[in-house]
*Asks:* 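Take a look at this one; I'll ask things after.
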Amino acid sequence: METWAPMSISEKDLRVRFAPSPTGALHVGGARTALYNWLAARHSGGKLVLRIEDTDLERSTEANVRQIIEALEWLELDWDEGPLSQVARAPEHAAALQRLLDSGAAYHDAATADDVRAWKNEHGAGKGYRGIPDPDGSGAVRLRVPADGDTVVDDLIRGEVRFPNASQDDFVIARADGSVLYNFAVAVDDAEMGITEVIRGDDHLSNTPKQLLVLGALGVEPPRYAHVPLLHGPDGKKLSKRHGAASVQELREAGYLASAVRNYVALLGWGPGDDETLLDTAELIARFRPEDVGRSSAVFDEKKLRWMNGRYMREMDLDRYTEAVATFEGRKVDERLRVACMIAQEKAQTLAEVWPLIRFLFEEPVEDEKAWRKTMKDHATSALTSAREALAGLESFEAAGVEAALEPIPERLNLKPGKVYQPIRVAITGTTVSPGIFESVAALGKVETLDRIDSALRRLATAPEPAA
RNA sequence: GGCCCCGUGGUGUAUCGGUUAGCACGCCAGGUUUUCAACCUGGAAGGGCGGGUUCGACUCCCGCCGGGGCUACCA
């Protein structure tokens, strides 16, 4: 049998990480990165570690950390180690920094950002800045970058990407106060946490040579990198808040299922290689390989998610469906909700669409003047009168019985079926859209149905519509 | 400006030197139908542009154009 993974990756020892910075909600792009890491770990039997990239004290908040963790939990993506705070590792960072300072691989430079900009103006933007070691050891700490040669990233997805050292600045790895910067902390952490494969967004590709340089200075073996393309909105711009449901939280509130979101998001930039579209989580785990991820950026298209979500909704068994609706609406599961869900299941594409379809079973009909005017024309009175009569004589109020009772009416009145059923629908629900009329009537029950038909009839008598 | 990545229909993708360029969402038309969905059938719609290489390029090379990322004592 052929082995799937490249020889360089020993399956069980794979260690990946998801390292979000808690500067905002987890959005779809981050969710996909998390998913890919999770799939890689579960596929190989390796480990996933969750690390919170919180070294930006200004923007990182506890609330954001909580929100990200909740989003991951909702997505049902678990991790094996963590969450670890990056700031908590400050001592390790400081130690690594000191080693570099001692070895001369890094040095203090008194130059400010303005100084560097001025230097660039003079020497050209394509030339990497080289600082001057400050004799007093003050100023930010910069890493010494080789004068020439390339730093090459051997990327699982991109292939070999070369970055000329000559155009790379001696970049800052620690502030004057000694606190380390992102590219340094990441490199140190990935190395010390034994990360074997870094799967992250494309926006980090340009950062990778810096991390490689840090790792090289530290004398440690770098992990393998896999940079996945970024996600864009329908307008082609980088995905952001302005693109509708962009965060996991919003997706959840819009009534999507975690399973559908996982399936959909997995397909953004990755495919199983054949024409399969609906892949459950087990299949995703079995078939996902980071090296199969595409190179071009993808656009998040909510329309397809909606379709896919509808598929998942219809495939759920009734108990789980009812449970999901109850949770979404903040209600208790009971027999009535169960019946409601049963008759609505095939109609809704999202959890949010369920309640409008079944609320008439729990509340008075909604007020919808447009629906009333459109439906309650002249024929409505005779249709409703006949329906009431037929229903009133019913012993058992099952959908089949209701259908048998109502079904002869259109012909008897010489009306199209819709002319009979729509008035009933509007009478009992208030709207023109509902689950099947027979099921709806049956679910509502005899007393309430008759009652609602009666009040519709009363209204028709009091305020007759002009002839249709 | 500099460095880097990307470019198959509206969207996600398959094919990766020879195909009627496949599939899915969406869209359009028709069917089914008690509404809305669902479902069924059919249809429109694609290799950014220009040069090469080759008997033959969506597939390889170069240029251009377009999109994106990084360029902070942010992450």
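To find a chain, count down the sequence lines: A is the first, B the second, and so on, and within it residues start at 1.
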*Asks:* Does A75(B) have its OP1 or OP2 closer than 4.0 Å to a side-chain nitrogen or oxygen of Thr55(A)?
*Replies:*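 So the side-chain polar atoms of Thr55(A) do come within 4.0 Å of the phosphate oxygens OP1 or OP2 of A75(B), strictly under.
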*Asks:* Short question: side chain of Asn121(A), backbone of Ala118(A) - any donor-acceptor pair under 3.5 Å?
*Replies:* no
*Asks:* Calculate the interatomic distance between Asp274(A) atom CG and A14(B) atom C1'; express it in whole Å.
*Replies:*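 The answer, rounded to whole Å, is 9 Å.
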*Asks:* Name the one of Asp109(A), Asp169(A), Asp170(A) that satisfies side chain to side chain donor-acceptor pair (under 3.5 Å) with Arg130(A)?
*Replies:* Asp170(A)
*Asks:* Counting only side-chain N and O atoms of Arg311(A), is one of them less than 4.0 Å from OP1 or OP2 of A24(B)?
*Replies:* no
*Asks:* Please name the residue in the list Tyr256(A), Trp307(A), Phe300(A) that meets the ring pair (Phe, Tyr, Trp, His ring centres under 6.0 Å) test with Tyr264(A).
*Replies:* Phe300(A)
*Asks:* Does Arg59(A) make a side-chain donor-acceptor contact with the base of C74(B), cut-off 3.5 Å?
*Replies:*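 Yes, a donor-acceptor pair under 3.5 Å.
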*Asks:* Which of the following nucleotides, G12(B), A75(B), C73(B), is nearest to the side chain of Gln86(A)?
*Replies:* A75(B)
*Asks:* Are any of the side-chain nitrogens in Arg59(A) or Glu53(A) under 4.0 Å away from the carboxylate oxygens of its partner?
*Replies:* no
*Asks:* From CG of Asp177(A) over to C1' of C74(B), roughly how many Å is that when rounded to an integer?
*Replies:* 14 Å
*Asks:* Reading RNA chain B 5' to 3', what string of ( ), [ ], | and . shows its pairs, if Watson-Crick and G-U wobble pairs count only when both distances fall under 3.5 Å?
*Replies:* (((((((..((((....[...)))).(((((.......)))))....(((((..]....))))))))))))....
*Asks:* Hey, does the side-chain of Asp275(A) have a donor or acceptor N/O within less than 3.5 Å of a partner on the base of G22(B)?
*Replies:*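 Such a pair exists between side chain and base.
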*Asks:* To the nearest angstrom, how far is Trp355(A) atom CH2 from A37(B) atom P?
*Replies:*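 Result: 22 Å.
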